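For reference, the structure is listed below as structure tokens.
Quick note: residue numbers are just sequence positions, from 1. All values derive from a computational prediction rather than experimental measurement.
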Amino acid sequence: EIVGNTFAHCTQYAIRYSTPNNNGARARIWNNFIRGEFTNASAQAINLGYVRDADIWSNTIVIQNNLNSNGAGIYLYHSGYANDLRNNNVVLSGANSDGLALYSEGGCVSYTDYNNWYKAKSGPGINLMRVNGTLLFANNFKGAGGFDANSYSEDPRLPSVDDPHPGVIC
């Protein structure tokens with residue numbers, strides 16, 4: 001259980017967990033605030049590998065620097081289990097960031113909705129996220145594969161990088 005923490009100016013990961021959960025309980029990653037400049041261009045704020053049945057709920061992630069194509073707000077790999085993402089606010093505010101708001105390999109996500117996946121770099125052909133191996137863009141991610149029907153890709157207009165409370169759009 002990782003709940004209610006603030007992580008600031010991390011190197012590559014704020015939360016990294018790579019052990020299968022074999023006891024039947026769901027892993028809980030809830031209500032964390034991850035912010036600032038990561039010193040590694042391949043940063044992944046939340047990185048989960050081989051994790052089954054995680055609830056990733058109500059986290060705010062603000063990555064200010066430009067990421068390369070290996071960087072992501074939330075990165076899930078080698079899972080194939082029921083990971084659930086809801087009510088997260090993931091902001092990649094670097095104007096030239098090639099990172100993804102969400103990266104998940106096939107079968108890693110069973111549910112994702114009520115999230116805000118925002119990337120400042122936008123336009124035709126700019127990748128927003130990869131859900132269960134499918135690459136998606138800001139104009140086609142809603143409802144794709146049965147996911148994120150009630151999610152958004154909007155600048156949350158945070159008052160500052162230190163304040164996780166959304167501004168006027170929410």
Side-chain angles (χ1 to χ4, degrees), residues 2-16 28-48 54-76 83-104 109 111-131 134-170:
I2 303 170
V3 176
N5 298 286
T6 297
F7 302 89
H9 309 292
C10 300
T11 303
Q12 180 155 7
Y13 310 108
I15 297 171
R16 185 170 192 212
R28 292 182 282 195
I29 301 172
W30 296 351
N31 201 31
N32 296 288
F33 179 35
I34 301 167
R35 65 177 174 83
E37 296 270 348
F38 281 71
T39 57
N40 188 314
S42 296
Q44 298 156 2
I46 296 176
N47 174 292
L48 303 180
D55 293 332
I56 305 165
W57 297 351
S58 303
N59 299 285
T60 295
I61 299 169
V62 180
I63 300 177
Q64 292 174 270
N65 54 302
N66 293 320
L67 299 176
N68 64 31
S69 61
N70 294 317
I74 299 174
Y75 192 96
L76 307 172
N83 294 305
D84 182 321
L85 295 88
R86 46 181 105 192
N87 199 34
N88 296 290
N89 187 16
V90 179
V91 178
L92 305 182
S93 62
N96 294 306
S97 184
D98 290 323
L100 299 174
L102 169 65
Y103 173 92
S104 72
V109 172
Y111 184 87
T112 178
D113 209 354
Y114 302 99
N115 299 292
N116 182 39
W117 308 108
Y118 176 72
K119 184 173 171 177
K121 182 179 179 180
S122 63
I126 302 298
N127 305 323
L128 176 65
M129 61 201 311
R130 180 181 298 270
V131 178
T134 301
L135 199 56
L136 301 168
F137 309 95
N139 66 350
N140 75 347
F141 82 98
K142 287 184 80 147
F147 299 115
D148 283 312
N150 299 292
S151 294
Y152 294 90
S153 181
E154 299 287 338
D155 182 350
R157 300 179 186 182
L158 302 175
S160 76
V161 71
D162 298 323
D163 187 348
H165 302 93
V168 295
I169 67 140
C170 294

Inset, instruction - Using the side chain to side chain contact (heavy atoms under 4.5 Å, CB included) rule, pick out the option among N31, V90, I29 that qualifies with N59. - result: I29

Inset, instruction - State whether a side-chain donor-acceptor pair under 3.5 Å links T112 with D148. - result: yes

Legend entry - From CG (L100) to CG (L135), nearest 0.5 Å: 6.5 Å

Legend entry - Y103: partners by ring pair (Phe, Tyr, Trp, His ring centres under 6.0 Å), with sequence neighbours left out: Y75

Inset, instruction - Applying salt bridge (Lys or Arg N to Asp or Glu O under 4.0 Å), name anything that partners R86, two or more places apart in sequence or on another chain. - result: D84

Legend entry - All pairs passing side chain to side chain donor-acceptor pair (under 3.5 Å) where residues 36-45 contributes a residue, at least two apart: Q12-N40, S42-N68, Q44-N47

Inset, instruction - Pick out which of L102, L76, I34 makes a side chain to side chain contact (heavy atoms under 4.5 Å, CB included) with I46. - result: I34

Inset, instruction - Please confirm whether the backbone N or O of N88 pairs with a side-chain atom of N115, one donor and one acceptor, at under 3.5 Å? - result: yes

Legend entry - Note, I56 side chain near I74 side chain (heavy atom, < 4.5 Å): yes

Legend entry - K142 to Y152 six-membered ring, cation-pi geometry met (6.0 Å, 45°): yes

Inset, instruction - Keeping the roles fixed (side chain from D155, backbone from Y118), state whether a donor-acceptor pair exists under 3.5 Å. - result: no

Inset, instruction - Please examine the side chains of R130 and L136, heavy atoms only from C-beta on, and report whether any two atoms are closer than 4.5 Å. - result: no

Inset, instruction - Kindly indicate whether the side chain of D55, heavy atoms from C-beta on, has any atom under 4.5 Å from the side chain of W30. - result: yes

Inset, instruction - Side-chain contact test, heavy atoms from C-beta onward, threshold under 4.5 Å: evaluate it for I61 versus N89 and give yes or no. - result: no

Inset, instruction - Ignoring hydrogens and angles, tell me if any N or O in the side chain of N65 forms a donor-acceptor pair with the backbone of F38 under 3.5 Å. - result: yes

Legend entry - Min side-chain heavy-atom separation E154-N116 under 4.5 Å: yes

Inset, instruction - Could you tell me whether a side-chain N or O of K119 sits under 3.5 Å from a main-chain N or O of G94, the two making a donor and an acceptor? - result: no

Legend entry - Under 3.5 Å side-chain donor-acceptor pair for N150 and Y114: yes

Legend entry - Reported CZ-to-CZ distance for the pair F7 and F33, which is rounded to 0.5 angstrom: 12.0 Å

Inset, instruction - Give, for atom CD of Q64 and atom OG of S97, the distance between the pair rounded to the nearest 0.5 Å. - result: 12.0 Å

Legend entry - Within-4.5 Å side-chain heavy-atom neighbours: V91 and I63: no

Legend entry - Shortest non-hydrogen contact between L92 and A101, atoms and distance: CD1-N, 3.6 Å

Inset, instruction - With the side chain counted from C-beta on, respond yes when H9 and R35 share a heavy-atom pair under 4.5 Å apart, and no when they do not. - result: yes

Legend entry - side-chain hydrogen bond (donor to acceptor under 3.5 Å, both in side chains) partner of K121, chosen from N127, D98, N96: D98

Inset, instruction - Drop me the distance from L85's CG to N87's CG, to the nearest 0.5 angstrom. - result: 11.0 Å

Legend entry - F141 and W117, any side-chain heavy atoms less than 4.5 Å apart: yes

